[in-house]
Amino acid sequence: MSGVINQLAEHYLKGKIRALKLAMTTLLAGGHLLLEDIPGLGKTTLALALANAIGLSFGRIQCTSDLLPSDITGLSIFDRNENRFRFVEGPIFNNIVLVDEINRAMPKTQSALLEAMEEHRVTIEGTTYPLPDPFLVIATQNPAEQVGTYPLPESQMDRFLVTTDIGYPPEDMEKAIIRDGTIREDIRQIESMVSHEEIMTARQAAGDAIYLGDKVIDYIYRLAAATREHRFITSGISTRGSLSLAAAARATAFLENRNYVIPEDVQNIIIPAGAHRLILKPEQEVLNKKEVLRSVVESVAVPLA
């Protein structure tokens, strides 16, 4: 899986290796990814490139203010030829689902994603349908202050294992884009670099097969507990957040070709896996959550080997 990241970063997405690693970490850990940044920096391009490179089924949802839940999940229609209602699956029934500009959808539509993201299934008209495995939601979010956006509630933010920004491309890459135009068509031509079986094997290997020692478990707990006691924070990292952090640390170790987690794996992933879960006190909301969490990490002693 590391080879997929390197090839994409070298040939298509220069300067995006950090975002690519986080996307692969999320896939291996069985979570979902939220890309946050201003429009036009390549959030959608990154999602398309990853989906094509790993060769799984792909669906895209472009969120707008009039998007309905049934536009995501699907609905039953009457089939005149068969004289019965037939369920037509929505784009959520894919391995990788790009939810573009998720915060432009109404809260009711956003909430339709909750069961799918948490339970990997959807219930429509009293019938429950399982979703494909693996199932990865890659959502993009524009800055909340933009017109026509609905901020994601904390409950939905907590469904994302990792959040990250994209950042501007390096100078030479941006000049090449200006000269040659968008690379979107090149992205569409990317052929699958791994098989479905290889992905499932990697996910299994990045899970329980990666050893998580008691000292690292204690370290994750102490980090989470420190966020709950911090003077700037109303609600710190939850138990679900700790579980996600452990899963992400295992996936990080796997991508580093180790079969055990070290404290540095936790430190490398805690900001993208934990900052969005913090709820700051009202008088501290102007602070940067990443900086607050970084200060927490610096205050907690690192376990010795």
Side-chain angles (χ1 to χ4, degrees), residues 1-2 4-5 19-35 46-47 50-51 53-59 61 72 91-99 102 113-122 128-140 152 155-164 192-212 216-217 220 224 237-261 265-266 268-277:
M1 305 305 281
S2 298
V4 174
I5 297 172
L20 283 167
K21 280 186 176 179
L22 289 173
M24 189 63 76
T25 298
T26 306
L27 174 67
L28 294 174
H32 305 287
L33 174 68
L34 180 62
L35 300 174
L46 184 144
L50 180 67
I54 58 180
L56 297 175
S57 65
F58 177 74
I61 301 166
I72 295 174
I92 200 73
F93 287 88
N94 282 286
N95 293 113
I96 297 179
V97 180
L98 171 63
V99 184
I102 187 173
L113 289 167
L114 287 178
E115 182 185 15
M117 294 172 65
E118 183 69 15
E119 305 293 339
H120 290 201
R121 65 184 183 185
V122 293
T128 299
Y129 301 88
L131 297 175
D133 187 27
F135 175 64
L136 168 67
V137 170
I138 301 177
T140 71
L152 295 178
S155 60
Q156 187 150 340
M157 289 292 290
D158 203 37
R159 263 63 176 184
F160 289 100
L161 188 140
V162 163
T163 65
T164 184
S192 174
M193 302 175 190
V194 292
S195 67
H196 182 272
E197 183 179 1
E198 288 173 319
I199 293 171
M200 299 305 289
T201 301
R203 282 191 60 190
Q204 185 174 10
D208 294 338
I210 302 294
Y211 177 69
L212 187 66
V216 179
I217 292 173
I220 291 173
I237 294 176
S238 64
T239 302
R240 177 163 54 194
S242 298
L243 279 169
S244 297
L245 182 55
R250 278 188 161 116
T252 301
F254 174 81
L255 290 175
E256 294 295 326
N257 295 317
R258 269 185 280 101
N259 61 0
Y260 57 93
V261 178
D265 295 325
V266 179
N268 287 337
I269 199 66
I270 188 171
I271 302 300
H276 62 288
R277 303 175 192 275

Distance-minimising heavy-atom pair for [X] and [Y]:
| X | Y | answer |
| --- | --- | --- |
| Asp133 | His196 | O-NE2, 3.1 Å |
| Ser238 | Asp158 | OG-OD2, 4.0 Å |
| Val261 | Arg258 | CA-NH1, 4.4 Å |
| Ser242 | Ile220 | O-CG2, 4.0 Å |

Working to the nearest 0.5 angstrom, can you tell me the gap between [X] [atom1] and [Y] [atom2]?
| X | Y | atom1 | atom2 | answer |
| --- | --- | --- | --- | --- |
| Leu34 | Leu161 | CG | CG | 11.5 Å |
| Leu50 | Leu20 | CG | CG | 7.0 Å |
| Met193 | Ile5 | CE | CD1 | 11.0 Å |

Which atom pairs, donor and acceptor, lie under 3.5 Å between side-chain atoms of residues 247-256 and protein residues at least two apart or in another chain?
{"residue": "Arg250", "atom": "NE", "partner": "Gly207", "partner atom": "O", "Å": "3.2"}
{"residue": "Arg250", "atom": "NE", "partner": "Ile210", "partner atom": "O", "Å": "2.9"}
{"residue": "Thr252", "atom": "OG1", "partner": "Ala248", "partner atom": "O", "Å": "2.8"}

Just so I know, are the side chains of [X] and [Y] near enough to count as touching, which here means a heavy-atom distance under 4.5 Å?
| X | Y | answer |
| --- | --- | --- |
| Ile54 | Ser192 | no |
| Arg159 | Arg240 | yes |
| Leu98 | Ile61 | no |
| Leu33 | Met24 | no |
| Leu113 | Ile102 | yes |

Test your reading of the model: is there a side-chain donor-acceptor pair from His276 to the backbone of Phe160, 3.5 Å cut-off?
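A pair under 3.5 Å: yes.
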Side chain Gln204, main chain Thr201, donor-acceptor under 3.5 Å:
no
Does the side chain to side chain contact (heavy atoms under 4.5 Å, CB included) test come out yes or no for Val122 and Thr128, once each step is laid out?
CA-CA 6 Å; Val122 293; Thr128 299; over 6 Å; no
Does Thr140 form a side chain to side chain contact (heavy atoms under 4.5 Å, CB included) with Val99? I'd like the steps, not just the answer.
CA-CA 6 Å; Thr140 71; Val99 184; over 6 Å; no
Got a sec, which residues hit side-chain contact (heavy atoms from CB on, under 4.5 Å) with Leu243, two or more places apart in sequence or on another chain?
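Leu243 satisfies side-chain contact (heavy atoms from CB on, under 4.5 Å) with no other residue.
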Could you pull out all residues at least two apart from Asn95 that satisfy side-chain contact (heavy atoms from CB on, under 4.5 Å)?
Leu56, Ser57, Pro132, Pro134
Determine whether Phe93 and Leu131 satisfy the following criterion, side chain to side chain contact (heavy atoms under 4.5 Å, CB included), listing intermediate values before the conclusion.
CA-CA 6 Å; Phe93 287 88; Leu131 297 175; 3.7 Å; yes
What do the steps show when you test Val266 against Val216 for side chain to side chain contact (heavy atoms under 4.5 Å, CB included), and what is the final call?
CA-CA 8 Å; Val266 179; Val216 179; 3.8 Å; yes
Among Ile96, Asn94, Val97, the one residue meeting side-chain contact (heavy atoms from CB on, under 4.5 Å) with Phe58:
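Filter result, single survivor: Ile96.
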